[in-house]
There are 2 protein chains.
Amino acid sequence: MPTRQSRATKADPQTDAAIHAAIARAVMDGSLRAGTKLAEHRLAEIFGVSRERIRKVLHRLGAERRIEIIPNRGARVPQPTLTEIREIYEAHRVLEAGVLMALVPRLDEAILARLDAHLAEERAAAERGDRSASVRLSGAFHLLLVDAVGNAELSRILRDLLSRSSVMVSVYEPASQSICAVDEHGVIVDALRARDVAHAVALSAHHFQHVEQRLRLDPGPAAATDLEAAFRPYAPPKPTRARRAR
Amino acid sequence: MPTRQSRATKADPQTDAAIHAAIARAVMDGSLRAGTKLAEHRLAEIFGVSRERIRKVLHRLGAERRIEIIPNRGARVPQPTLTEIREIYEAHRVLEAGVLMALVPRLDEAILARLDAHLAEERAAAERGDRSASVRLSGAFHLLLVDAVGNAELSRILRDLLSRSSVMVSVYEPASQSICAVDEHGVIVDALRARDVAHAVALSAHHFQHVEQRLRLDPGPAAATDLEAAFRPYAPPKPTRARRAR
DNA sequence: CACTGGAAGAATGTGCACATTCTCTGGAAT
DNA sequence: ATTCCAGAGAATGTGCACATTCTTCCAGTG
């Protein structure tokens with residue numbers, strides 16, 4: 001009997017990890033706005049894989065709290081309330097206090113040099129008005145701090161928290177302002193260099209509260225986004241014929 | 001109105017959540033020892049559900065890092081190295097420092113009363129030599145601390161961390177000693193009552209280091225455990241006839 | 001005109017069959 | 001005797017078909 005389709009032409013064009021990363025990134029960077037429905041069938045068509053593959057990825061994203069899954073009702077990009085967002089930021093602030101306390105005793109010149117280099121990058125991005133780079137770098141600053149402690153578990157937890165707060169920035173953050181003022185990062189590094197734990201912690205807390213205060217009060221429109229447009233840069237290695245957008 | 005009878009007659013004997021909880025608990029409390037293979041087919045028979053159901057639960061447990069999944073090679077109870085365990089404990093210690101700093105400013109009599117009541121429970125368990133209760137309560141103490149902050153996200157993160165360190169206790173902890181000395185918990189509460197943040201943090205760090213030092217250096221035997229025996233208390237609504245273990 | 005009931009269509013959930021990969025055993029060659 | 005290889009058996013991965021549930025829309029009634 002004839003084989004259905006020799007999918008043996010090549011190994012899976014889209015591996016699970018690739019699809020997972022694509023959707024996670026689209027959710028994180030705001031390409032998919034809060035409230036967007038993530039229908040299994042449509043995603044399967046877009047990525048050119050079976051629905052089961054999409055289904056598995058979606059469930060994993062749900063377990064990671066990156067998307068919201070309601071039984072029998074599918075997956076959506078989460079639309080967090082302002083209270084939930086403040087909780088995320090507060091959690092980040094509380095945990096970073098512990099990170100700073102653990103970091104000070106093990107500071108060395110190499111770590112301080114890396115932080116200085118990062119601050120220079122941030123300033124450069126701010127000066128040339130590159131908002132995209134600024135957002136990315138300001139998040140990376142906090143990751144740099146936790147990575148300096150040298151505990152993989154800590155890094156994983158904080159990285160996860162940061163990636164989830166990124167989702168929310170796209171909903172609540174006014175687009176005209178940068179997320180983290182580079183000056184505030186600079187003074188934290190200064191306090192670290194002086195081995196002043198209490199001051200570093202206080203500056204960090206103050207910094208996070210600044211960010212929280214900048215959040216808009218209205219959630220903005222919860223309109224859905226076109227799935228195909230969001231995933232166009234990713235991977236249709238499938239010669240799909242033109243499809244009309246409804 | 002004809003009520004749905006399909007659910008009534010065929011009533012899912014085991015819901016996904018129940019199976020998930022059963023396996024997670026078995027892994028956490030040591031009923032399944034490190035290295036035990038979790039074969040899909042056998043679990044499906046034991047719980048009396050289809051293999052797909054087990055498969056989904058297993059993948060979710062893997063995403064939560066509660067079990068270890070190797071592609072094409074199945075799921076196993078993780079057997080962490082001593083270094084990984086120390087990282088978990090260190091992470092917990094670092095994060096709890098932040099929690100204590102956030103907790104002190106919002107301490108009130110109600111919280112202190114809850115902590116006191118918990119300490120009394122711990123002492124009672126210790127006095128009657130109930131090791132099982134002692135282990136459970138000593139973990140609950142740290143959850144009580146983070147819950148008192150009132151941030152659900154923080155509670156979730158620390159709860160997850162604690163549940164994962166519980167796995168390791170069963171591997172590395174000598175059975176004759178209790179996990180957390182109740183005295184050490186008591187002095188932490190004393191420092192909190194005095195609003196002495198620095199002291200509370202120092203005591204907490206000292207406490208965690210105590211626990212770390214108690215860990216045995218040899219991982220002990222990595223023998224597998226009989227799956228059916230571990231899950232006998234759970235889930236056999238199976239009218240299956242007796243089956244002999246091969 | 002508003003509201004309820006229900007049917008049709010669509011989306012999600014599940015079991016099954018088959019494909020792929022791995023493990024284990026037995027035998028032959030060095 | 002040890003090592004390597006091949007084949008059988010078992011376990012995992014995947015696509016498909018069907019069952020269940022939800023949404024939507026429309027007809028009928030008060």
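Note: hydrogens, waters and symmetry copies are ignored here, and every other heavy atom, side chains too, is used. Every chain is numbered from 1, with letters handed out A, B, ... down the list of sequences. Everything numeric in this text was worked out from a predicted model, so none of it was measured.
Checking D/dG15, C/dT21, C/dG13 against the side-chain heavy atoms of A/E52 singles out D/dG15 as nearest. Of the listed nucleotides (C/dT14, C/dT12, C/dA17), C/dT14 has the atom at the smallest distance from the side chain of B/K56.
Straight-line distance from the CZ atom of A/R53 to the C1' atom of C/dT12: 19 Å, rounded to whole Å. In this structure, A/E40 places its CD atom 14 Å from C1' of D/dT20, rounding to the nearest Å. In this structure, B/R76 places its CZ atom 13 Å from C1' of C/dC22, rounding to the nearest Å. Between B/I54 atom CD1 and D/dG13 atom P there is a gap of 14 Å when expressed in whole angstrom units. Following rounding to the nearest Å, B/I67 (CD1) and D/dT12 (C1') show an atom-to-atom distance of 14 Å. The interatomic distance linking A/H41 (NE2) with D/dG15 (C1') rounds to 15 Å, in whole Å. Rounding to whole angstrom units, CG of residue A/L58 and P of C/dA11 are separated by 14 Å.
The side chain of B/R73 contributes no N or O atom lying less than 4.0 Å from OP1 or OP2 of D/dT12. In this structure, A/K37 does not reach the C/dA11 phosphate: none of its side-chain N or O atoms is under 4.0 Å from OP1 or OP2. Distances shorter than 4.0 Å separate none of the side-chain N or O atoms of A/R55 from OP1 or OP2 on C/dT12.
Across all non-hydrogen atoms, the minimal contact from A/V149 to A/A102 is CG1-CB, 4.5 Å.
Both A/N72 and B/H59 lie near DNA chain D, and the one whose nearest nucleotide falls closer to the 5' end is B/H59.
Contact annotation: side chain of A/R51 to base of C/dG13, donor-acceptor pair present below 3.5 Å.
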Apply side chain to side chain donor-acceptor pair (under 3.5 Å) to A/H207 and A/E96, showing your working. CA-CA 11 Å; A/H207 170 50; A/E96 183 157 299; over 6 Å; no

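Between B/E52 and A/R55, none of the side-chain N atoms (NZ, or NE/NH1/NH2) sits under 4.0 Å from a carboxylate O, so this pair counts as no salt bridge. With respect to the salt-bridge test (charged N to carboxylate O, under 4.0 angstrom), the residues B/R60 and B/E64 qualify.
Under the 4.5 Å side-chain criterion, counting only non-hydrogen atoms from C-beta, B/R42 is not in contact with B/I54.
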